[in-house]
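Here's the structure, in structure tokens; my notes come after.
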Amino acid sequence: MGFFESLFYTIWRGIAIGILISAPMGPVGILCIQRTLYKGRKTGLYTGVGAAISDLFYCILTGFGLSFIEEFLERNQNVIQLAGSVVLIAFAVYLFKKNPASSLKTPQGEEPQVSPHKNILGGFLFTFSNPLILFLIIGLFARFNFSIPEISFYYYIAGYAAIFVGAVIWWEFVTFSVNKLRAHFNLRSMWLINRIIGVIILLFALVGIITGITNLVG
């Protein structure tokens with residue numbers, strides 16, 4: 001491959017991988033929507049950026065240590081799943097106790113003060129607590145033939161940057177769309193959303209715990 005051909009090859013595949021990693025509506029996606037509705041688009045977007053950083057970290061691990069990661073996950077999959085599920089349960093309990101009225105006190109047209117570092121860190125840790133996403137990353141890397149020996153190392157720098165860009169593009173789209181619907185929610189609907197999101201996350205956690213325990217016992 002020539003220079004521009006190789007660069008284009010890695011960039012467009014990187015963007016596609018970044019979008020596809022973020023697109024499944026898992027717990028972090030639900031968290032991003034919840035924060036966008038409660039505290040505005042910036043809070044939701046910063047949460048998504050944190051998730052994108054975590055995804056990028058796992059992509060780099062996958063790219064530079066694929067065989068080791070696969071072996072580690074196969075040995076510890078059930079324990080990792082149980083630990084991640086406990087984190088989800090804790091967050092689901094928090095949502096059930098959260099008072100949505102406190103999030104609606106900001107005057108209309110204004111967003112509350114947003115702490116970028118705090119929300120980015122929250123999104124990062126929430127995503128980082130579920131390393132089983134590596135299975136998805138491994139599948140996407142294989143599907144897009146992202147790791148091929150004839151491409152030089154510095155092309156991969158552009159490829160990994162493109163993965164991050166793709167993930168951020170997705171969270172831009174999600175937070176923009178949700179923010180447009182934000183005006184249609186009142187206190188009761190926010191209360192219901194809080195409970196519904198809590199139940200969904202709790203179900204994610206319970207499925208993970210049941211699956212992990214079943215596999216460990218079996």
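Index from 1, following the sequence.
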Q: List, by chain and then residue number, the residues other than Ile169 in its hydrophobic cluster (Ile/Leu/Val/Met/Phe/Trp/Tyr, side-chain heavy atoms under 4.5 Å); write none if there are no others.
A: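 Joined to Ile169, directly or through intermediates: Val165.
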Q) Can you list every pair that meets salt bridge (Lys or Arg N to Asp or Glu O under 4.0 Å) and has a residue in residues 159-176, with sequence neighbours left out? A)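 Only Arg41-Glu172 qualify under salt bridge (Lys or Arg N to Asp or Glu O under 4.0 Å).
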Q: Look at the rings of Tyr58 and Phe128 and say which category their plane angle falls in: under 30° parallel, 30 to 60° tilted, over 60° perpendicular.
A: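 Taking Phe128 first and then Tyr58, their aromatic rings lie parallel (interplane angle under 30°).
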Q: Measure the acute angle between the ring planes of Trp170 and Phe173, then classify it against the limits of 30° and 60° as parallel, tilted or perpendicular.
A: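 Answer is tilted, since the angle falls between 30° and 60°.
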(Q) For the backbone of Gly50 and the side chain of Ser54, can you confirm whether one donor and one acceptor N or O come within less than 3.5 Å of each other? (A)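 Side chain of Ser54 to backbone of Gly50: no pair is present.
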Q: Please answer whether the main-chain N or O of Gly122 pairs with a side-chain N or O of Tyr46 as donor and acceptor at a distance below 3.5 Å.
A: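 No, the answer is negative, given that no donor and acceptor are paired below the 3.5 Å cut-off.
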A side-chain contact here means heavy atoms from C-beta on lying under 4.5 Å apart; do [X] and [Y] qualify?
| X | Y | value |
| --- | --- | --- |
| Ile21 | Ile137 | yes |
| Asp55 | Thr127 | yes |
| Trp171 | Val28 | yes |
| Thr36 | Thr43 | no |

Any chance you could measure [X], atom [atom1], to [Y], atom [atom2], to the nearest 0.5 Å?
| X | Y | atom1 | atom2 | result |
| --- | --- | --- | --- | --- |
| Ile120 | Leu125 | CD1 | CG | 12.0 Å |
| Lys39 | Asn119 | NZ | CG | 6.5 Å |
| Ile17 | Leu20 | CD1 | CG | 8.0 Å |

Q: Could you walk me through whether Thr47 and Leu31 pass side-chain contact (heavy atoms from CB on, under 4.5 Å), step by step?
A: CA-CA 8 Å; Thr47 302; Leu31 173 64; 4.0 Å; yes
**Q.** ring-ring contact (aromatic ring centres under 6.0 Å, His included) partners of Phe176, counting only residues at least two apart
**A.**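 ring-ring contact (aromatic ring centres under 6.0 Å, His included) list for Phe176, sorted by chain: empty.
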Q | Nearest atoms (heavy-atom pairs only) where Thr211 meets Val207 | A |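 Taking Thr211 first and Val207 second, the nearest heavy atoms are OG1-O, 2.7 Å.
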Q. Side chain to side chain contact (heavy atoms under 4.5 Å, CB included) with Phe164: which residues, sequence neighbours excluded?
A.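 Partners of Phe164 by the side chain to side chain contact (heavy atoms under 4.5 Å, CB included) criterion, ordered by chain and then number, come out as Val49, Ala52, Ile53, Leu56, Val168.
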